[in-house]
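Throughout, a chain's letter reflects where its sequence line sits, starting with A, and its residues are numbered from 1. These values consider heavy atoms only, across backbone and side chains, with no hydrogens, waters or symmetry-generated copies.
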Number of protein chains: 2
Amino acid sequence: MSTTGRGLHGRVLDTLGPEITAGDHPPGSVLRTDELAQRFDVSRSVMREVVRVLESMHLVESRRRVGVTVLPAHEWNVYDPQVIRWRLAGADRPRQLRSLTVLRSAIEPVAAGLAARNATAEQCAELTECALGMVAHSRGHQLEGYLFHDMAFHRVVLAASGNEMFARLGDVVAEVLAGRTHHDVMFEDPDPAAVTLHVQLAEAVRARDAARAERLTREITEGALQELDILAP
Amino acid sequence: MSTTGRGLHGRVLDTLGPEITAGDHPPGSVLRTDELAQRFDVSRSVMREVVRVLESMHLVESRRRVGVTVLPAHEWNVYDPQVIRWRLAGADRPRQLRSLTVLRSAIEPVAAGLAARNATAEQCAELTECALGMVAHSRGHQLEGYLFHDMAFHRVVLAASGNEMFARLGDVVAEVLAGRTHHDVMFEDPDPAAVTLHVQLAEAVRARDAARAERLTREITEGALQELDILAP
DNA sequence: CCGAGCAAAAAGTCAGACTTATATGTCACA
DNA sequence: TGTGACATATAAGTCTGACTTTTTGCTCGG
């Protein structure tokens with residue numbers, strides 16, 4: 001579930017990356033490659049590769065005669081799935097979850113509208129199947145089963161939009177949904193209204209009703225915003 | 001303007017990255033680190049670092065006894081600014097520009113609505129300043145000056161939204177606007193209606209009128225969609 | 001025909017030497 | 001006292017070569 005392969009490289013990255021995104025090393029901090037290599041008990045080569053990857057995520061900047069400088073958060077590649085995962089696992093998880101939910105509220109309605117135009121017959125079938133799965137698991141504390149179909153549902157909508165930028169957010173949305181179920185208060189069964197909206201959305205897409213699909217999705221995401229006490233625009 | 005630092009690492013990356021995103025090495029192709037090192041006349045260490053970065057962008061996958069396999073496009077981290085730049089510089093630039101413009105049409109209206117709630121006095125001032133700059137350069141083929149203020153305007157809106165995910169798209173939007181001005185047909189002065197909309201948007205944000213800001217931005221982005229012959233949702 | 005095991009191939013890791021850029025301190029000169 | 005040129009130390013950047021580990025795919029025996 002978590003992440004990178006299983007080499008030394010990956011292990012070091014999975015330690016140092018979260019440390020940085022968690023603010024453990026504040027912006028402006030200077031790390032030295034040699035020291036890090038010693039600390040993690042790896043060779044300089046491995047450490048350099050890790051630093052290069054962190055640099056490509058704009059988490060750090062490496063300069064001669066200075067060292068590896070930690071960059072301020074507004075420089076980070078916050079769309080990098082790895083960075084998102086690290087941040088969701090860290091302390092500012094709530095803030096992160098809010099940002100992503102607002103992002104969802106902007107993207108998903110438009111994506112649903114496009115999906116109503118572009119979805120293949122197969123995708124329509126998958127959508128109704130997912131919606132039915134959600135209904136089937138909506139009562140009796142079958143949270144995991146519900147979550148599974150919910151994630152799949154939104155992933156299909158984003159993919160069916162035909163826009164690669166939207167499609168690529170499938171993982172992010174899944175991550176948000178999973179986070180809501182697992183960490184936040186969600187002991188009770190899901191809101192029946194939300195379940196109904198998903199069923200209707202599947203119908204709207206199948207019926208090629210773009211406007212209705214967009215409106216229904218807007219209702220869904222507004223529900224998600226309200227759960228986090230974010231006032232609806 | 002273009003990119004990475006100036007080490008060997010950066011130079012190799014700026015050659016190999018675009019080759020991959022351009023489809024020069026089709027998905028499934030296998031590259032060998034040693035061969036690449038020979039080809040670029042660098043040591044294996046440098047080549048390995050490059051491969052690791054490409055791997056973190058999900059452009060390739062490196063496996064023992066197999067080599068470096070090029071991944072299909074749907075795996076790529078298409079939100080990575082570097083990947084976006086590479087693709088915009090390549091052959092499927094038109095498709096990329098469309099995807100990004102649709103993304104804009106989803107994000108910017110919501111961002112503008114939030115900006116109307118959250119913008120600081122200083123940001124409001126910047127906004128009107130940018131709008132005035134656009135007006136001043138809207139006639140007489142001052143395209144570069146117009147573009148400059150247009151990019152700044154949208155960047156401020158996204159930043160003022162207070163959402164880091166939106167703010168991080170400032171570079172992307174700037175890239176799209178620049179692309180439109182430089183590569184596509186844009187010899188004539190900008191549409192006066194668009195200029196007016198920007199001025200009104202600056203006013204709406206200053207007046208804290210979120211609904212109006214959102215609506216105006218939707219008009220702006222719909223104009224951008226129409227320019228690319230993308231039917232409005 | 002099939003499974004066990006063997007050999008080769010390629011990435012992964014390490015250690016050490018050398019190069020290059022650059023921040024900073026020093027000193028002479030104005 | 002301030003300023004600019006120069007020297008120096010430092011940490012990243014690069015190269016090389018040897019060794020390890022994993023994995024593929026083939027061979028050989030059942």
Expected list for residues 126-135 of chain A: side-chain donor-acceptor pairs under 3.5 angstrom, two or more places apart:
unit_1: A:T128; atom_1: OG1; unit_2: A:C124; atom_2: O; d: 3.3
unit_1: A:T128; atom_1: OG1; unit_2: A:A125; atom_2: O; d: 2.8

Value for CD (A:Q96) from CG (A:L88), rounded to nearest 0.5 Å, stands at 5.0 Å
Start and end of chain A contact along DNA chain D [non-hydrogen atoms, under 4.0 Å]: D:dA9 to D:dT14
Quiz question: by atom type and distance under 3.5 Å, do the side chains of A:Q82 and B:H58 form a donor-acceptor pair? no
Side-chain donor-acceptor pairs of residues 147-165 of chain A under 3.5 Å, sequence neighbours excluded:
unit_1: A:H149; atom_1: ND1; unit_2: A:G145; atom_2: O; d: 2.9
unit_1: A:D150; atom_1: OD1; unit_2: A:H154; atom_2: NE2; d: 3.2
unit_1: A:D150; atom_1: OD1; unit_2: A:H198; atom_2: NE2; d: 3.4
unit_1: A:H154; atom_1: ND1; unit_2: A:E108; atom_2: OE1; d: 2.8
unit_1: A:H154; atom_1: NE2; unit_2: A:H198; atom_2: NE2; d: 2.9
unit_1: A:R155; atom_1: NH1; unit_2: A:D171; atom_2: OD1; d: 2.5
unit_1: A:S161; atom_1: OG; unit_2: A:L158; atom_2: O; d: 2.7
unit_1: A:S161; atom_1: OG; unit_2: A:N163; atom_2: N; d: 3.2
unit_1: A:N163; atom_1: OD1; unit_2: A:M165; atom_2: N; d: 2.7
unit_1: A:N163; atom_1: OD1; unit_2: A:F166; atom_2: N; d: 3.3
unit_1: A:N163; atom_1: ND2; unit_2: B:S99; atom_2: O; d: 3.3
unit_1: A:E164; atom_1: OE1; unit_2: B:R87; atom_2: NH1; d: 3.1
unit_1: A:E164; atom_1: OE1; unit_2: B:R87; atom_2: NH2; d: 3.2
unit_1: A:E164; atom_1: OE2; unit_2: B:R87; atom_2: NH1; d: 3.2
unit_1: A:E164; atom_1: OE2; unit_2: B:S99; atom_2: OG; d: 3.4

Validation row: B:L13, B:V53 side chains within 4.5 angstrom (heavy atoms): yes
Taking only residues two or more places apart in sequence, or in another chain, which ones meet B:R32 in a salt bridge (charged side-chain N to carboxylate O under 4.0 Å, His left out)? B:E35
Electrostatic pair A:E49:A:R52 at N-O distance under 4.0 angstrom: no
Can you build the contact string for nucleotides 10-17 of chain C? Use B for base contact, S for sugar-phosphate-only contact, and - for no protein heavy atom under 4.0 Å. BBBBB--B
Per the end-axis method with five pairs at each terminus, what is the bend angle of the helix from C:dC1-D:dG30 to C:dA30-D:dT1, to 10°? 10°
So do A:L16 and A:H25 actually touch side chain to side chain, heavy atoms under 4.5 Å? yes
So, do A:L54 and A:V68 sit near enough that their side-chain heavy atoms are less than 4.5 Å apart? no
Exercise: do B:H9 and A:E55 side chains pair donor with acceptor under 3.5 Å: no
